[in-house]
Amino acid sequence: VHINAATAGNQAIGKASEKAAAILLDAIIKEWQNQQNNGALLSITISNVGTFRDKTTVLQTLSAFANVTAVRERSWDDQSKLLEVDIQYKGNAQGFCTRIDGYKLKSGSGSLNVSGQNGTRVALKAQAL
C-alpha cells in the first residue's frame, strides 16, 4: 500500500501483471511441449470418398502416414462424399500438406491431393479410388 492512490494502483497493476505473465508463460510452454511430443491438431476434410471401403482406405492411409500420432473420424456421408477427421501431426499444417500432396493410398491406385489450407484446416481430395 502506498499513500498516493495512483502510485498504489500502479504498483498493484505491476504485481498483477507479473503473476499473469508467469501463468500465461507456463501455459504457453506446456502447450508447446504437448505439440512437440504429441503433434498439432489438424482438421482434415477429404472429398470424393464415396463408399465405406474408400473411407476405410483413406483412414488406414492417414493412420500409417509418417508423424501422424492419432486419427479421429468426425463424420462421413456417402451422399456428399465428404469425410471429416482430426489428426495429431508432429509438425505444422504446411509441412503436412507438402508431404501428403500426391501421397498414394495404402490400397488401390488412388492418391490424396491437397485442395486447400487455412491455418490448421486442410482440404484434401481423394483421386481415382
Atom [atom1] in [X], atom [atom2] in [Y]: separation rounded to 0.5 Å?
X	Y	atom1	atom2	result
Lys125	Leu112	NZ	CG	12.5 Å
Gln127	Ser47	CD	OG	8.0 Å
Ile87	Leu41	CD1	CG	8.5 Å
Ser107	Leu105	OG	CG	7.0 Å
Ile46	Ile100	CD1	CD1	8.5 Å
Ile44	Cys97	CD1	SG	7.0 Å

With sequence neighbours excluded, give me every salt bridge (charged side-chain N to carboxylate O under 4.0 Å, His left out) pair touching residues 78-89.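 Salt bridge (charged side-chain N to carboxylate O under 4.0 Å, His left out) check on residues 78-89 returns Arg74-Glu84, Arg74-Asp86.
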List the steps, then state whether side chain to side chain contact (heavy atoms under 4.5 Å, CB included) holds for Ser115 with Asn113. CA-CA 6 Å; Ser115 58; Asn113 297 310; over 6 Å; no
Identify, with sequence neighbours excluded, every residue that meets side chain to side chain contact (heavy atoms under 4.5 Å, CB included) alongside [X].
X	value
Asn67	Tyr89, Lys90, Arg99
Gln79	Asp77
Thr7	His2, Asn4, Gln11
Asn92	Gln94

Please enumerate all residues that pass ring pair (Phe, Tyr, Trp, His ring centres under 6.0 Å) together with Tyr103, with sequence neighbours excluded.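 For Tyr103, the residues satisfying ring pair (Phe, Tyr, Trp, His ring centres under 6.0 Å) (neighbours in sequence not counted) are Phe65.
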Whichever hydrophobic residues join Ile29 through chains of side-chain contacts under 4.5 Å: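 So far as hydrophobic clustering goes, Ile29 is joined with Leu25.
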Is there a chain of hydrophobic side chains (I, L, V, M, F, W, Y, each step under 4.5 Å between heavy atoms) that links [X] to [Y]?
X	Y	value
Leu62	Phe52	yes
Val122	Leu82	no
Ile28	Ile23	no

[X] side chain to [Y] backbone, donor-acceptor under 3.5 Å:
X	Y	result
Trp76	Val85	no
Thr45	Ala123	no
Thr61	Lys106	yes

Taking all atoms of both residues into account, what is the closest heavy-atom pair of Ser111 and Gly102, and its distance?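 Closest pair (atom of Ser111, atom of Gly102, distance): CB-O, 3.9 Å.
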To check you understand the geometry: which heavy-atom pair defines the closest contact between Ala93 and Leu42, and what is its length?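 Here Ala93 and Leu42 meet closest at CB-CD2, 3.8 Å.
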Just jot down the side chain to side chain donor-acceptor pair (under 3.5 Å) partners of Gln117, sequence neighbours excluded, or say none. none
I'd like to check the side chain to side chain donor-acceptor pair (under 3.5 Å) partners of Thr51; sequence neighbours left out, ordered by chain and number. Asp54
